[in-house]
Amino acid sequence: MNDRQLFLSFCEHLGGLLKAELPLRDALVVLSESAGCGKKQAALSRSIFDFMKKGYSFSSAVSVNGVIHVDERICSLIAAAERAGNLCEMLSFVTSSESESRAFTSKILGACVYPLFVVVFSACACLFLLQHSSLLGFKRIPDGAYSGFLISLIFITLFSGLFFWAVRRKTSENPQLLFFNSLSFFLSSGFDLKRALSLVSIAAGLKNASLCSVLLKKLSLGIPFSKALQEEGACSAEAMALVCLAEKSGRLREACETVASLIREEDREGRQNFLRYGEPLLLAAVGIYVLILAQNVVLPFITNFDYLL
């Protein structure tokens, strides 16, 4: 279990204890003494509890816990929720929002196992053939074999870099989704729009922090929220229309939830399409890689008898 998975499991267990109305420090003690949560999670709970005893806030203790690395974005979300007094709800929010990304990453890793095996096995087999050709009964190495081997490695390296860059983009948090999710969360907690935006600026990353700062300035000048969003180009025309109507009807929270759902569905569809077309494309690239090796390294050895001893 990596640090991210461990922390999400910690959030899930801690959120359950807080929902049972157990005080935060008592909940941390329970987790630190629980054998069912694992040694590392118990150590994390103990570390956070020790830092809180020294006067740290919960979010600060999470950030500097010393047991695992916790993403700064998640620490910001927790810090904002702690200020808002909605820590339990935020822990549930973090767990649910991260679960889909984790499932997508697991599917991608599963799809990469077989291609990775083929790439490594083919490279090792060809390298062995080139380095020990005399032991296998060949008197010399065919012309162009080494260059073909290098071309295949360059090709698969470039393709892998592009593929995993695309994976990283698909697994990274959508700033618009984070903005509307966070805003709906704080509005549902009873905060007015300006206070909710100030909390979103803490919780939703640097890009959204600058957006919230601009929106707050425009709201203080009397510019409606929907118009300020439109001027900043912060969302699509469809989302803009929803926010504009909701602002007039006083149902801004519901509109933010709807916009977040639309963005989430769009992201989900994009990930599904990536899985649908990405895996066949990866297999095709591996096939081309093997073909380059076969044509430039293996076949010259076995089809030209001049190279035999």
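A quick note: this is a predicted structure, and the numbers were derived from the prediction, not measured. In what follows, every heavy atom counts, from backbone to side chain, and hydrogens, waters and symmetry copies are set aside.
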Atom CZ of Arg168 with >12 non-hydrogen neighbours under 6.0 angstrom: no
CG-CG distance between Leu187 and Leu193, expressed to the nearest 0.5 angstrom: 6.0 Å
Residues clustered with Tyr277, ILVMFWY side-chain links under 4.5 angstrom: none
From Ser160 atom OG to Phe155 atom CZ, the distance as rounded to the nearest 0.5 Å: 9.0 Å
Tyr114 atom OH: more than 12 heavy-atom contacts under 6.0 Å: no
Phe159 atom CZ, neighbour heavy-atom count above 12 within 6.0 Å: yes
Heavy-atom closest contact (Tyr289 atom, Ser122 atom, distance): CE2-CB, 4.0 Å
Inter-residue atom distance His13.NE2 - Leu31.CG, 0.5 Å rounding: 7.5 Å
Partners passing side-chain hydrogen bond (donor to acceptor under 3.5 Å, both in side chains) against Tyr146 (at least two apart in sequence or in another chain): Gln131
Which atom of Ala123 lies closest to which atom of Phe149, heavy atoms considered: O-CE1, 3.6 Å
Phe180 backbone acceptor or donor facing Ser184 side chain under 3.5 Å: yes
Minimum-distance pair of heavy atoms, taken over all atoms of Ser152 and Ile292: CB-CG2, 3.8 Å
Which atom of Glu279 lies closest to which atom of Ala111, heavy atoms considered: CD-CB, 3.8 Å
Side chain to side chain, Cys256 and Phe179, heavy atoms closer than 4.5 Å: no
Interatomic distance, Phe7 atom CZ to Leu14 atom CG [nearest 0.5 angstrom]: 8.5 Å
N/O donor-acceptor pair under 3.5 Å between Arg271 side chain and Lys170 backbone: yes
